[in-house]
Trainee: 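Sharing a structure, written as structure tokens. Questions coming.
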Amino acid sequence: MTHIHYVECNTTHSGHFVIDVPVGFHWLLVITKTPAQFWVNGALKEYPAHSAVLYRPLQKVYYQTCGDSFINDWIRFESEEAYITESPLPFGVPFSLNDPEYCSKLFELLVTEHNFNRDYKKSSIDYLLRTLFNKLLESISQEDITPQYYNLLRLRTSIQNNPGDYWTIAKMADHLQISPGYLQSIYKKTFGVSCMDDVINSRIRIAKEYLIHNTQSIAEIASRCGYQNVEHFCRQFKKITGYPPRKFHKHVANQPD
């Protein structure tokens with residue numbers, strides 16, 4: 001059982017903001033959106049934006065701005081859930097998030113659920129918190145989270161959400177203001193797949209959905225997926241799925257449930 005005392009997202013404070021609690025009463029999770037200074041192991045240290053820090057009950061809490069403003073998401077709560085009380089996350093030591101935008105969306109949903117008395121409020125909050133803590137666990141297992149990583153992640157999210165756009169290596173490199181060769185190198189090193197293969201895989205993924213659930217022609221589907229040439233679409237589709245587009249629907253329909 002988890003009880004939220006207070007939760008906020010995108011809270012902005014002035015450059016003189018300081019939190020100084022010698023002994024905290026409850027669990028506290030803070031996620032920064034600007035650089036900040038935290039008291040860690042007896043000293044004040046600066047940490048970059050998109051850092052998360054979890055404080056357990058009775059732990060000293062001290063952090064402050066290190067610029068003109070401080071923006072953060074935060075939640076103060078009580079819990080007896082093992083995924084929190086027995087979490088392997090470090091207590092009182094900030095770590096970088098591997099997907100800050102995802103975590104920010106979860107905070108927005110937590111704020112909404114906390115502020116409205118809906119029928120499934122408790123279970124919704126529990127599911128959201130479990131998902132949030134899963135994202136925190138993913139973050140501590142990932143190394144080398146840099147500002148460049150966040151730029152690549154935003155690019156990859158845009159590719160996967162809009163695969164039908166006109167994507168080229170030059171366009172993606174220009175978006176990140178780096179050379180095409182460097183983009184290809186760091187993209188594959190970061191995600192284990194080349195940037196253009198990501199585009200192709202995303203296009204074929206959505207093409208399969210269109211073929212199964214729509215009555216559009218192959219040409220219309222190819223166009224919606226970002227292909228200007230139907231034959232090129234058919235070749236790539238068969239290469240990845242093993243079936244030409246026209247036979248794919250029949251193949252799926254014949255699969256056992």
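Computed over heavy atoms, backbone and side chain alike; hydrogens, waters and symmetry mates excluded.
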Trainee: Could you tell me if the side chain of Cys103 sits less than 4.5 Å from the side chain of Ile31, heavy atoms only?
Mentor: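 They are in contact (side-chain heavy atoms under 4.5 Å apart), so the answer is yes.
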Trainee: Near Lys247 NZ, under 6.0 Å, is it more than 12 heavy atoms from other residues, nucleotides or ligands?
Mentor: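 No, because the 6.0 Å sphere around NZ of Lys247 holds 12 heavy atoms or fewer from other groups.
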Trainee: Might you point out which heavy atoms bring Ala173 and Leu183 nearest each other, and give the distance in Å?
Mentor: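 Scanning both residues, the minimum pair turns out to be N-CD2, 3.5 Å.
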Trainee: Is Glu108 salt-bridged to Lys105, cutoff N-O under 4.0 Å?
Mentor: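 Judged by the 4.0 Å cut-off on N to carboxylate O distance, Glu108 and Lys105 do not form a salt bridge.
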Trainee: Without swapping roles, check the side chain of Thr32 against the backbone of Pro35 for a donor-acceptor pair under 3.5 Å.
Mentor: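 It does not hold such a pair.
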Trainee: Distance-only, no hydrogens or angles: does the Lys121 side chain make a donor-acceptor pair with backbone N or O of His114 under 3.5 Å?
Mentor: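 Yes; at least one donor-acceptor contact below 3.5 Å.
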Trainee: Closest approach of Cys195 and Ile159, non-hydrogen atoms and distance?
Mentor: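 Minimum heavy-atom separation between Cys195 and Ile159: O-CD1, 4.5 Å.
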Trainee: For Gly181, is there any backbone N or O sitting under 3.5 Å from a side-chain donor or acceptor partner on Ser185?
Mentor: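 Judged by distance alone, no pair lies under 3.5 Å.
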Trainee: Determine the minimum heavy-atom distance between Tyr150 and Pro100, stating which atoms define it.
Mentor: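 Heavy atoms only, the tightest pair is CE2-CD, 3.4 Å.
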Trainee: Can you check side-chain contact (heavy atoms from CB on, under 4.5 Å) on Leu29 and Phe107, steps first, answer last?
Mentor: CA-CA 11 Å; Leu29 173 64; Phe107 258 93; 4.2 Å; yes
Trainee: Is there side-chain contact between His175 and Trp167, with heavy atoms separated by less than 4.5 Å?
Mentor: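 No, side chains not in contact.
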Trainee: A quick test of your reading: do over 12 heavy atoms of other residues, nucleotides or ligands sit less than 6.0 Å from NZ of Lys122?
Mentor: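 No - once you tally the heavy atoms of other residues, nucleotides and ligands closer than 6.0 Å, there are 12 at most.
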Trainee: Give a yes or no answer on whether the side chain of Ser51 reaches the backbone of Pro94 with a donor-acceptor pair at less than 3.5 Å.
Mentor: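 Not at all, since once roles are kept as given, no pair shorter than 3.5 Å links the two residues.
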Trainee: Check step by step if side-chain contact (heavy atoms from CB on, under 4.5 Å) holds for Tyr62 and Val18.
Mentor: CA-CA 7 Å; Tyr62 186 101; Val18 176; 3.8 Å; yes
Trainee: Please tell me whether Phe237 and Phe248 form a close aromatic pair, meaning their ring centres lie under 6.0 Å apart.
Mentor: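 Distance test on ring centres: under 6.0 Å, yes.
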Trainee: For the residue pair Thr34 and Pro48, establish whether any side-chain heavy-atom pair is separated by less than 4.5 Å.
Mentor: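 Not touching, per the 4.5 Å side-chain cut-off.
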Trainee: Can you establish whether the number of heavy atoms outside Lys238 located under 6.0 Å from its atom NZ is more than 12?
Mentor: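 12 or below, so no.
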Trainee: Write down the atom of Thr65, the atom of Ser14, and the distance for their closest heavy-atom approach.
Mentor: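 Heavy atoms only, the tightest pair is CG2-O, 3.3 Å.
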Trainee: Measuring from Ile204:CD1 to Cys225:SG, what's the distance to the nearest 0.5 Å?
Mentor: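 Answer rounded to 0.5 Å: 7.0 Å.
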Trainee: To the closest 0.5 Å, what do you measure between CG (Asn201) and OG (Ser194)?
Mentor: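 Atom-to-atom, Asn201:CG and Ser194:OG are 8.0 Å apart.
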Trainee: Taking the side chain as every heavy atom from C-beta outward, state whether Leu153 and Thr190 have any pair of such atoms under 4.5 Å apart.
Mentor: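 Answer no - side chains too far apart.
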Trainee: Are Leu54 and Phe95 joined in one hydrophobic group, where the rule is that I, L, V, M, F, W and Y side chains link up if heavy atoms are under 4.5 Å apart?
Mentor: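 Same hydrophobic cluster.
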Trainee: Can you check whether Val21 reaches Tyr55 side chain to side chain, under 4.5 Å on heavy atoms?
Mentor: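 The answer is no, as the side chains (C-beta and beyond) never meet within the 4.5 Å cut-off.
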Trainee: Using distance alone, with no hydrogens and no angle criterion, decide if Thr11 and Glu8 have a side-chain donor and acceptor under 3.5 Å apart.
Mentor: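 Their side chains do contain a donor-acceptor pair, which is all the 3.5 Å distance test asks for.
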Trainee: What about Val53 and Ile140, same hydrophobic cluster or not, with Ile/Leu/Val/Met/Phe/Trp/Tyr joined at side-chain heavy-atom distances under 4.5 Å?
Mentor: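 Cluster IDs for Val53 and Ile140 differ.
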Trainee: Scan side-chain atoms only and decide if Tyr166 and Gln228 contain a donor-acceptor pair under the 3.5 Å cut-off.
Mentor: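 Note: Tyr166 and Gln228 side chains miss the donor-acceptor criterion.
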Trainee: Would Arg130 and Tyr127 count as a cation-pi pair here, with the cationic atom under 6.0 angstrom from the ring centre and within 45° of the axis?
Mentor: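 No; the conditions do not both hold, so Arg130 does not lie above the ring face of Tyr127.
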Trainee: Tell me whether Ser223 contacts the main-chain N or O of Ala219 through its side chain, where contact means a donor paired with an acceptor under 3.5 Å.
Mentor: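 Side chain of Ser223 to backbone of Ala219, a donor-acceptor pair under 3.5 Å: no, none is there.
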Trainee: Could you tell me whether the side chain of Arg118 reaches within less than 4.5 Å of the side chain of Thr112, counting heavy atoms only?
Mentor: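 The answer is yes; the side chains approach within 4.5 Å.
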Trainee: Same cluster for Val61 and Phe25 if Ile/Leu/Val/Met/Phe/Trp/Tyr side chains link at under 4.5 Å?
Mentor: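 No, separate clusters.
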Trainee: Examine distances only and state if a side-chain atom of Arg76 and a backbone atom of Leu28 form a donor-acceptor pair shorter than 3.5 Å.
Mentor: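 Flag not set: sc Arg76 to bb Leu28 has no pair under 3.5 Å.
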Trainee: Report the C-alpha separation of Tyr227 and Arg203 in whole Å, then their side-chain angles, then the decisive distance to 0.1 Å, and conclude whether the side-chain hydrogen bond (donor to acceptor under 3.5 Å, both in side chains) test is met.
Mentor: CA-CA 9 Å; Tyr227 290 91; Arg203 287 176 173 176; 4.9 Å; no
Trainee: Passes side-chain contact (heavy atoms from CB on, under 4.5 Å), Thr241 versus Lys208? Steps please.
Mentor: CA-CA 9 Å; Thr241 68; Lys208 290 192 290 185; 3.9 Å; yes
Trainee: Is it true that a side-chain atom of Asp197 and a backbone atom of Val193 form a donor plus acceptor pair closer than 3.5 Å?
Mentor: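 Here the side-chain-to-backbone pair does not exist.
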Trainee: Minimum heavy-atom separation for Tyr102 to Thr131, with atom names?
Mentor: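 It is OH-CG2, 3.8 Å.
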Trainee: Heavy-atom count around His213 NE2 within 6.0 Å, excluding the residue itself: above 12?
Mentor: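 Yes, because the 6.0 Å sphere around NE2 of His213 holds more than 12 heavy atoms from other groups.
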Trainee: May I ask you to test the Glu113-Val7 pair for a side-chain heavy-atom distance under 4.5 Å?
Mentor: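 No - every pair of side-chain heavy atoms lies 4.5 Å or more apart.
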Trainee: Can any side-chain N or O of Arg205 pair as donor or acceptor with the backbone N or O of Gln160 at less than 3.5 Å?
Mentor: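 Yes, the answer is positive, given that a donor and an acceptor are paired below the 3.5 Å cut-off.
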Trainee: Check for me, please, whether Leu109 and Phe133 land in the same ILVMFWY cluster - side-chain distances under 4.5 Å, paths through other members count.
Mentor: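 Hydrophobic grouping puts Leu109 with Phe133.
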Trainee: Indicate, with yes or no, if Leu132 and Ile84 share a hydrophobic cluster defined by side-chain heavy-atom contacts under 4.5 Å among Ile, Leu, Val, Met, Phe, Trp and Tyr.
Mentor: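 Per the 4.5 Å side-chain linkage, Ile84 and Leu132 are co-clustered.
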Trainee: Does the cation-pi check pass for Lys45 over Phe38, that is, NZ or CZ under 6.0 Å from the six-membered ring centre and within 45° of its axis?
Mentor: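 Checked: cation-pi criterion not met.
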Trainee: Less than 3.5 Å apart, any donor N or O on the side chain of Lys33 or Asn72 sitting next to an acceptor on the other?
Mentor: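 Looking only at side-chain atoms, Asn72 and Lys33 do not form any donor-acceptor pair under 3.5 Å.
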Trainee: Please examine the side chains of Ile169 and Met196, heavy atoms only from C-beta on, and report whether any two atoms are closer than 4.5 Å.
Mentor: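 They are in side-chain contact.
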Trainee: After noting the C-alpha distance and the side-chain angles of Thr2 and Glu78, does the key distance pass the side-chain contact (heavy atoms from CB on, under 4.5 Å) rule?
Mentor: CA-CA 6 Å; Thr2 298; Glu78 295 179 67; over 6 Å; no
Trainee: When rounded to the nearest 0.5 angstrom, what is the spacing between OG in Ser124 and CG in Leu110?
Mentor: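 The OG atom of Ser124 sits 10.0 Å away from the CG atom of Leu110.
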Trainee: Within the distance-only criterion (no hydrogens, no angle test), does the side chain of Glu220 pair as donor or acceptor with the backbone N or O of Ser217 below 3.5 angstrom?
Mentor: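 It does hold such a pair.
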Trainee: Roughly how far apart are Ile125 CD1 and Leu129 CG, rounded to 0.5 Å?
Mentor: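 CG of Leu129 is found 7.0 Å from CD1 of Ile125.
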Trainee: Kindly say whether Asn10 contributes a backbone atom to a donor-acceptor pair with the side chain of Asp73 at under 3.5 angstrom?
Mentor: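 Between the backbone of Asn10 and the side chain of Asp73 there is a qualifying donor-acceptor contact (under 3.5 Å).
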Trainee: Using the ring-ring contact (aromatic ring centres under 6.0 Å, His included) rule, pick out the option among Phe77, Trp27, Trp74 that qualifies with Tyr6.
Mentor: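 For Tyr6, the ring-ring contact (aromatic ring centres under 6.0 Å, His included) test succeeds with only one of Phe77, Trp27, Trp74, which is Trp74.
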Trainee: Between Asp198 and Tyr187, does any side-chain donor sit less than 3.5 Å from a side-chain acceptor?
Mentor: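 Checked: Asp198/Tyr187 side chains pair up, N/O donor to acceptor below 3.5 Å.
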Trainee: Check whether more than 12 heavy atoms from other residues, nucleotides or ligands sit under 6.0 Å from atom CG of Asp20, and answer yes or no.
Mentor: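 Above 12, so yes.
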Trainee: With a 3.5 Å cut-off and no angle check, do the side chains of Gln64 and Gln37 form a donor-acceptor pair?
Mentor: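 Distance-only check passes for Gln64 and Gln37.
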